[in-house]
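The structure appears below as structure tokens.
What you are looking at is a predicted structure, and each value in this text was computed from that prediction instead of being measured. In listed order, ligands and their atoms are each counted from 1.
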Amino acid sequence: MSRCILITGASVAGNTAAWWLGHYGFDVTVVERTSEFRDGGQNIDIRGVGRDVLRRMGLQQTALDHGTGEEGTVWIDEQGGEVAKFVTVELGRDGPTAEMEILRGDLARLLYEPARNRATFRFGDRVDGIEEGADAVSVTFASGQIEQYDAVVVAEGVGSSTRELVFPQENDPRWMDLTIAYFTIPRQADDNRMWRWYNATDGRSISLRPDTHGTTRAMLSLQQPPNGEQEWTVEQQKAYMHQRFTDAGWQAHRVLAAMEKTEDFYFDVLRQVRMKRWSKERVVLTGDAAWCATPLAGIGATLAVTGGYVLASELQRGSDIGQALSAYEGAMRPMVEKGQGVPKIAPRMMNPHSRLGINLLHTVLNIASKPVIRGVANKLFASEPDGPDLSRYDELLVKIPSVC
Ligand SMILES: Cc1cc2nc3c(=O)[nH]c(=O)nc-3n(C[C@H](O)[C@H](O)[C@H](O)COP(=O)(O)OP(=O)(O)OC[C@H]3O[C@@H](n4cnc5c(N)ncnc54)[C@H](O)[C@@H]3O)c2cc1C
């Protein structure tokens with residue numbers, strides 16, 4: 001197996017793949033389009049098999065130590081009164097808040113720091129052209145450099161441009177009719193350790209979540225069909241959210257005022273990436289670039305770390321690239337398809353449009369939160385995902401070859 005690999009995208013999937021490929025002795029270059037490492041982002045969680053991957057990297061405890069400290073989820077009314085409350089330790093397993101809740105930027109950095117010792121990272125560049133040859137891939141970068149690699153791993157997230165370059169029009173996105181703006185706001189005295197979720201009419205919701213950086217993470221959600229908002233400038237996106245949320249009630253004014261000044265604004269018109277194949281000759285997709293399931297599935301980061309690990313391990317095990325990439329796809333497809341099965345009605349149920357719908361949602365959540373029927377509550381939320389059998393890679397944990 002040839003061993004010089006390019007990874008594009010230095011976030012959760014790319015850094016995991018870099019860590020493992022470097023660990024196995026591959027010669028790895030990571031190219032990230034932003035000029036420096038991106039720290040931003042909000043709460044994401046790692047469940048089941050994803051935690052096993054972190055354990056294999058010796059990072060599980062560190063990730064838990066970097067947790068957001070979120071203790072559970074509470075739905076509240078306009079006055080801030082509690083409507084339904086789910087405390088993670090009382091659920092006995094992962095609920096809407098998982099045991100391992102971590103900020104996206106903290107997780108990506110946790111993976112990036114050790115990966116830097118195993119791979120060469122280059123910031124402020126991206127792939128401009130790609131040409132597959134019989135024995136190598138020739139990559140032209142925006143910087144003008146041209147380099148040869150044995151394989152290219154595309155880990156560029158949901159809007160990946162290299163995916164479009166190599167697999168034009170093959171993505172058949174599934175739009176989830178939900179738009180979310182995520183950003184960090186100053187903490188105020190009554191912000192607590194719970195994820196507070198407030199529903200307003202017209203499919204709007206405001207969430208406030210704790211972190212351990214002395215700030216609060218805000219989320220504005222709009223349940224509606226997409227209208228190209230992902231292509232707008234940040235200024236347009238902020239102005240739109242302002243206009244839509246100004247009369248939403250509860251802490252809308254505080255959140256909107258802080259949105260104007262925030263430095264990390266991430267805007268997502270939720271869509272799943274649906275690809276019939278994840279590789280073409282020597283180019284392979286992983287993480288959201290391959291299969292984005294959207295935050296609604298609750299397993300995006302779990303899939304990203306698992307995919308990065310499985311891909312690296314199959315490349316290490318395989319006798320040739322084609323066989324390795326097809327084993328990777330075979331191992332990941334069932335988990336991805338299950339994760340993408342989240343019903344399109346889910347955003348509408350959780351973000352009702354009418355006052356009557358909000359009252360109904362609150363009643364259901366209130367009943368589900370009662371101790372006597374917590375089993376139902378556990379089923380309502382994403383929990384332990386099934387995943388590939390990682391024991392097939394156990395033999396690789398001790399066999400580390402030398403660098404190419
Ligand atoms: C800044 C940021 C904030 C986020 N915030 C949240 C959040 O609050 N909640 C949530 O649920 N999910 C969030 N996500 C998405 C979440 O990280 C992913 O769903 C999940 O972790 C899968 O990660 P990934 O590595 O596959 O993709 P991503 O985390 O999306 O990372 C893709 C990486 O590739 C880089 N990239 C993109 N195009 C190119 C290119 N052409 N060349 C080189 N590099 C490229 C991006 O800059 C990014 O670093 C965020 C992602 C980012 C980048």
Check this for me: does any side-chain nitrogen of one of Glu395 and Arg317 sit under 4.0 Å from a carboxylate oxygen of the other?
yes
Just jot down the ligand 1 atoms closer than 4.0 angstrom to any heavy atom of Asp288, in number order.
18 (C), 19 (O), 20 (C), 22 (C), 26 (O)
Gln223 side-chain N/O to Asn351 backbone N/O, donor-acceptor pair under 3.5 Å:
no
Among all protein heavy atoms, pick the one closest to atom 15 (C) of ligand 1 and tell me residue, atom and distance.
Tyr266 OH, 3.8 Å
Closest heavy-atom pair and its distance - Glu260, Lys238
O-NZ, 3.7 Å
For the residue pair Tyr266 and Tyr182, categorise the inter-ring angle as parallel (less than 30°), tilted (30 to 60°) or perpendicular (more than 60°).
tilted
If you scan protein heavy atoms around atom 50 (C) of ligand 1, the nearest is Arg104 CD, 3.0 Å
Within the 4.0 Å heavy-atom shell around Gly287, which atoms of ligand 1 are there?
26 (O)
Going by the order shown, which atoms of ligand 1 are within less than 4.0 Å of some heavy atom of Val12?
21 (O), 23 (O), 25 (O)
How far is atom 32 (C) of ligand 1 from its nearest protein heavy atom, and which residue and atom is that?
Glu156 C, 3.4 Å
Polar proximity ligand 1 side, Thr8 side, N/O cut 3.5 Å exclusive
no
So if I apply the ring-ring contact (aromatic ring centres under 6.0 Å, His included) rule between Tyr393 and each of Trp20, Tyr328, Tyr309, which one comes out positive?
Tyr309
Output the list of atoms in ligand 1 that are nearer than 4.0 Å to some heavy atom of Ile44, sorted by atom number.
10 (C), 11 (O)
Salt bridge present between Glu71 and Lys85 (N-O < 4.0 angstrom)
no
For a quick test of reading the model, state the closest non-hydrogen atom pair linking Ser160 to Glu156 and the distance between them.
OG-OE1, 2.9 Å
Taking distance alone, with N or O pairs closer than 3.5 Å, would you say Arg38 contacts ligand 1?
yes
Ligand 1 atoms nearer than 4.0 angstrom to some heavy atom of Ser161 are 41 (N)
May I ask you to list the atoms of ligand 1 that are less than 4.0 angstrom from any heavy atom of Val31?
43 (C), 44 (N)
min-distance protein heavy atom vs atom 25 (O) of ligand 1 -> Ala13 N, 2.9 Å
Taking Arg209 first and then Glu70, would you say they form a salt bridge - that is, a charged N and a carboxylate O separated by under 4.0 Å?
yes
I'd like to know if Asp177 and Arg348 make a salt bridge, using a cut-off of under 4.0 Å between side-chain N and carboxylate O.
no
Heavy-atom contacts with Gly157 under 4.0 Å: which atoms of ligand 1 show up? List them by number with element.
27 (O), 30 (O), 32 (C)
Side chain, backbone, both or neither: Ala304 near ligand 1, heavy atoms under 4.0 Å:
side chain
Per-atom filter on ligand 1: closer than 4.0 angstrom to a heavy atom of Pro295 are 11 (O)
Atom 7 (C) of ligand 1: closest protein heavy atom, distance to 0.1 Å, is Gln42 N, 3.6 Å
Atom 43 (C) of ligand 1 - nearest protein heavy atom and its distance:
Arg33 N, 3.3 Å
Would Ala155 count as a contact residue for ligand 1, given that I'm defining contact as a non-hydrogen atom of the residue lying under 4.0 Å from a ligand atom?
yes
Among all the protein's non-hydrogen atoms, which is closest to atom 35 (C) of ligand 1, and how far away is it?
Glu32 OE1, 3.2 Å
Ignoring hydrogens and angles, tell me if any N or O in the side chain of Ser369 forms a donor-acceptor pair with the backbone of Asn366 under 3.5 Å.
yes
Ring center gap for Phe121 and Phe37 short of 6.0 angstrom
no
List the steps, then state whether salt bridge (charged side-chain N to carboxylate O under 4.0 Å, His left out) holds for Asp264 with Arg104.
CA-CA 12 Å; Asp264 72 331; Arg104 187 214 72 97; over 6 Å; no
From the options Ser11, Ala289, Ala301, Gly300, select the one whose nearest heavy atom is closest to atom 33 (C) of ligand 1.
Ser11
